[in-house]
Amino acid sequence: MDHTFRDGSGRALTDYPRPSVAVDTAVLTLDGDLGLVVLEVRRPNRPGWALPGTFLHEGERLADAVDRSLRGKANVRGLQPRQLQVFDDPARDDRGWVLSVAHVQVVRVDQLDSRFPDSTRLVPVARPGRLPYDHADIIVRAVERIRSRYADLPDPDGLLGEEFTLRELRLAHEAVAGKPLQRDSFRRAMERRLEATGVTTSGSRGRPAELFRRAGA
């Protein structure tokens, strides 16, 4: 007896065309004067650069495919990117019908110290270069998501570590936002979400600066 599942039209799952499934990841960080940057990898068989990504293997979880792509193509380990969005334009990939489940993570730049020096690069999110498929759109969407998070919360992804001055916090938020932020307005918006540590440190201009931590941390 045939126990194959069939839908109301009598067709089995194998009767339907299936797309390939890929994962692509926007890893964002702050890098000195460059501001908010994204990790790119050199394409192995074609010219140019791309986001680290790979095709999903049979029986593989999306998170495992993301980890495999970051380790294999960038030598970056220990990250846990969040799902961002499915990019499903049937014409997005010139190799065929491919869905991409895009992921995003914001990390401290030192978490990328192990990356391959010759086949990876960090480039400003506003100038990612000519990328294949819809990788530029993935970066735009990732930046929108991160900027939305940083608009309401003090450094929610821990770019600064556990303790920081208000000036350091504002500069980090300005780098994420891609524009200057009004100092007094920023302070009022963030102070209620911060806890004073009771410790001061010498600021870059020699004046004592109070250290804060995220409230509830």
Side-chain angles (χ1 to χ4, degrees), residues 19-57 60-150 157-159 172 174-179:
S20 298
V21 178
V23 293
D24 295 297
T25 305
V27 179
L28 306 176
T29 189
L30 298 183
D31 186 29
D33 295 334
L34 295 177
L36 187 64
V37 295
V38 62
L39 174 69
E40 294 179 357
V41 298
R42 192 182 298 277
R43 302 179 72 191
N45 300 315
R46 296 187 182 187
W49 300 81
L51 294 178
T54 190
F55 284 102
L56 190 69
H57 290 174
E60 186 177 37
R61 295 179 184 271
L62 291 169
D64 294 332
V66 169
D67 180 65
R68 175 167 56 80
S69 70
L70 290 173
R71 286 187 290 106
K73 296 190 174 182
N75 199 37
V76 171
R77 303 167 185 272
L79 304 190
Q80 295 181 321
R82 302 181 298 271
Q83 288 188 27
L84 175 67
Q85 181 177 317
V86 175
F87 288 76
D88 62 353
D89 184 340
R92 63 173 298 276
D93 194 321
D94 58 8
R95 297 168 296 181
W97 185 20
V98 180
L99 305 182
S100 174
V101 184
H103 290 67
V104 61
Q105 186 167 359
V106 180
V107 299
R108 299 186 315 276
V109 70
D110 63 273
Q111 292 177 265
L112 304 179
D113 284 348
S114 64
R115 65 188 177 91
F116 294 130
D118 298 326
S119 58
T120 66
R121 67 180 187 177
L122 296 174
V123 297
V125 295
R127 302 186 303 277
R130 298 185 63 178
L131 302 179
Y133 321 127
D134 44 18
H135 286 194
D137 295 332
I138 292 175
I139 294 172
V140 168
R141 184 70 188 93
V143 171
E144 290 174 348
R145 174 74 60 85
I146 297 308
R147 285 177 175 169
S148 176
R149 285 167 51 79
Y150 273 72
D157 293 303
L159 289 167
E174 287 181 342
V176 170
K179 62 182 180 181

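This structure is a prediction, so every number in the text was calculated from the model and none was measured. Along the sequence shown, residues carry numbers from 1.
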*Asks:* When Q83 is tested against each of L62, V23, V66, V104 for side chain to side chain contact (heavy atoms under 4.5 Å, CB included), which residue passes?
*Replies:* L62
*Asks:* Do R141 and E144 sit within salt-bridge range, that is, some charged N less than 4.0 Å from a carboxylate O?
*Replies:* yes
*Asks:* Do side-chain atoms of D157 reach the backbone of L159 as a donor and acceptor pair under 3.5 angstrom?
*Replies:* no
*Asks:* Drop me the distance from L131's CG to D137's CG, to the nearest 0.5 angstrom.
*Replies:*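 Reported to 0.5 Å precision, the distance equals 10.0 Å.
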*Asks:* Using a 4.5 Å cut-off on heavy atoms from C-beta on, say whether the side chain of R145 contacts that of Q85.
*Replies:* no
*Asks:* Are side-chain heavy atoms of R46 and P132 found at a separation under 4.5 Å?
*Replies:* no
*Asks:* Could you please spell out the steps behind the side-chain contact (heavy atoms from CB on, under 4.5 Å) verdict for L70 and V27?
*Replies:* CA-CA 10 Å; L70 290 173; V27 179; 4.1 Å; yes
*Asks:* If you look at every heavy atom in A26 and A142, which pair is closest and at what distance?
*Replies:* CB-CB, 3.8 Å
*Asks:* Taking all heavy atoms of F87 and all of D134, pick out the closest pair and write down the distance.
*Replies:*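 Closest heavy-atom pair between F87 and D134: CB-OD2, 3.5 Å.
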*Asks:* Is the shortest heavy-atom distance from the side chain of V106 to the side chain of V176 under 4.5 Å?
*Replies:*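 SC-SC contact between V106 and V176 ruled out.
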*Asks:* Heavy atoms, side chains only, cut-off 4.5 Å: are R115 and L122 in contact?
*Replies:* yes
*Asks:* Tell me yes or no: between the side chains of S114 and R77, is some donor less than 3.5 Å from an acceptor?
*Replies:* no
*Asks:* For the OG1 atom of T54 and the CZ atom of R71, what is their distance to the nearest 0.5 Å?
*Replies:* 11.0 Å
*Asks:* Just by distance, do the side chain of E40 and the backbone of R121 share a donor-acceptor pair under 3.5 Å?
*Replies:*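 Checked: no pair found.
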*Asks:* What is the distance from atom CZ of F55 to atom OG of S69, rounded to the nearest 0.5 Å?
*Replies:*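 So the gap between those two atoms works out to 12.0 Å.
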*Asks:* Please name the pair of heavy atoms, one in Y150 and one in G158, separated by the smallest distance, quoted to 0.1 Å.
*Replies:*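 Smallest interatomic distance, heavy atoms only, reads OH-N, 4.3 Å.
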*Asks:* Can you give me the closest heavy-atom contact between W97 and P90, atom names plus distance?
*Replies:* CD1-CA, 4.1 Å
*Asks:* Would you find more than 12 non-hydrogen atoms of other residues, nucleotides or ligands less than 6.0 Å from R61 atom CZ?
*Replies:*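 Counting neighbours around CZ of R61, 12 or fewer heavy atoms of other residues, nucleotides or ligands fall under 6.0 Å, so no.
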*Asks:* Do the side chains of D110 and D113 get nearer than 4.5 Å, heavy atoms only?
*Replies:* yes
*Asks:* Please give me the minimum heavy-atom distance between D94 and Y133, naming the atom from each residue.
*Replies:*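 Looks like OD1-CE2, 3.9 Å.
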*Asks:* Where do A65 and L56 come nearest, in terms of heavy atoms and distance?
*Replies:* CB-CD1, 3.8 Å
*Asks:* Sub-3.5 Å donor-acceptor pair from the side chain of H135 to the main-chain atoms of L51, do we have one?
*Replies:*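 Judged by distance alone, yes, a pair lies under 3.5 Å.
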*Asks:* Short question: side chain of T29, backbone of V107 - any donor-acceptor pair under 3.5 Å?
*Replies:*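 Yes, T29 side chain to V107 backbone: donor-acceptor pair under 3.5 Å.
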*Asks:* For the atom pair CG (L28) and CZ (R147), what is the distance rounded to the nearest 0.5 Å?
*Replies:*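 Going from the CG atom of L28 to the CZ atom of R147 covers 10.0 Å.
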*Asks:* Measuring from atom CZ of R42 to atom CG of D118, what distance do you get when rounded to the nearest 0.5 angstrom?
*Replies:*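 Taking CZ in R42 and CG in D118, the distance rounds to 8.0 Å.
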*Asks:* Is any side-chain heavy atom of V123 less than 4.5 Å from a side-chain heavy atom of V37?
*Replies:*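 A side-chain contact is absent here, since even the closest heavy-atom pair is not under 4.5 Å.
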